[in-house]
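Here is the structure we will look at, set down as structure tokens.
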Amino acid sequence: MSRVKLLDREFELSIPEEKLLKAVDKVAEQMNKDLEGKNPLMVCVLNGSFMFASDLMKRLTIPCEISFVKLSSYSGTGSTGKVKELIGLNEDIAGRTIVLLEDIVDTGLTIINTVEQVKQMGPADVKVATMLFKPDACKRDVKLDYVGMDIPNDFIVGYGLDYDGYGRNLKDIYTVVE
Ligand code: 5GP
């Protein structure tokens, strides 16, 4: 399928599944090396990260756990204007190594805010793994420990990412046709 239509927009194939899975292989290999003996808790930030988390977990050979969290749509006011509350992290994470699993880092706002909230729960370390990173969109100083691949600053769908709820099921990534 080289093109898909979701609602009112057309998308064209931009990253095939094989390339995505090679990127996941690389991330898993790095994690298997540097998280050995750390018994990390992988924290999958829903919804978009479910496919990345699934493919990654299948490739991890170190002892680890996984938990699933969401960011509320509630907006309070903070220094950034919008604060999304992390919900669903019910484990005691004090003293643990946490690895946040993100689908995509765009402006970086979401991940910076999420890391801050996790840090307040007293973990030993918080690492960030993102499947995709848009370096041209991210002007903030974000520490990304694991990046699947860098991508251009275009709107994409597939591999867990949606357009108004649709397209999450696509195994490849598609870019919007302007
Ligand atoms: P940030 O806070 O880094 O700007 O944005 C992160 C969130 O925005 C992601 O978790 C994702 O939900 C959404 N997002 C950013 N870029 C894209 C994109 O190209 N496609 C889709 N479907 N969502 C995106």
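Every number for a ligand or one of its atoms is a count from 1 in the order of the listing.
- Here is the list of ligand 1 atoms found below 4.0 Å of a heavy atom in Glu102: 10 (O).
- Considering only non-hydrogen protein atoms, atom 11 (C) of ligand 1 sits nearest to Ile104 CG2, 3.6 Å.
- Summary of contacts: the protein heavy atom closest to atom 1 (P) of ligand 1 is Thr107 OG1, 3.3 Å.
- Remark: side-chain polar atoms of Ser49 are paired, donor with acceptor, to backbone N or O of Val45 under 3.5 angstrom.
- Contact analysis puts Gly108 in contact with ligand 1, with a non-hydrogen atom separation below 4.0 angstrom.
- Remark: minimum distance from atom 15 (C) of ligand 1 to any protein heavy atom is reached at Asp106 OD2, 3.2 Å.
- Distances below 4.0 Å separate heavy atoms of Leu161 from the following atoms of ligand 1: 21 (C), 22 (N), 23 (N).
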Starting from the C-alpha separation in whole Å, work towards a yes-or-no answer on salt bridge (Lys or Arg N to Asp or Glu O under 4.0 Å) for Lys171 and Glu18. CA-CA 10 Å; Lys171 64 186 173 56; Glu18 309 84 77; 5.5 Å; no
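- Taking every heavy atom of Leu109 and a limit of under 4.0 angstrom, the matching atoms of ligand 1 come to 2 (O), 3 (O).
- The protein heavy-atom contact nearest to atom 7 (C) of ligand 1 is Thr110 OG1, 4.1 Å.
- Protein heavy atom in closest approach to atom 22 (N) of ligand 1: Asp162 O, 2.7 Å.
- Although no hydrogens or angles enter the test, the distance criterion places no donor-acceptor pair under 3.5 Å between the side chain of Arg3 and the main chain of Leu13.
- For the ligand labelled ligand 1, residue Ile156 lies inside the 4.0 Å heavy-atom shell.
- For an aromatic pair to be called close, the ring centres must be under 6.0 Å apart, and Tyr163 with Phe11 satisfies this.
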So Asp125 and Lys127, salt bridge (Lys or Arg N to Asp or Glu O under 4.0 Å) or not? Walk me through it. CA-CA 7 Å; Asp125 194 9; Lys127 294 190 181 294; 3.3 Å; yes
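- Against a heavy-atom cut-off of under 4.0 Å, Asp103 is close to the following atoms of ligand 1: 9 (C), 10 (O).
- Formation of a donor-acceptor pair under 3.5 Å by the Asn32 side chain with backbone atoms of Leu60 is not found in this model.
- Salt bridge status for Lys5 with Glu10: absent, with no side-chain N to carboxylate O gap under 4.0 Å.
- Using a 4.0 angstrom heavy-atom cutoff, Asp154 counts as in contact with ligand 1.
- Counting protein heavy atoms only, atom 19 (O) of ligand 1 is closest to Lys134 NZ, 2.8 Å.
- No donor-acceptor pair closer than 3.5 Å links the side chain of Thr175 to the backbone N or O of Ile156.
- The closest side-chain donor-acceptor pair between Asp55 and Tyr159 falls under 3.5 angstrom.
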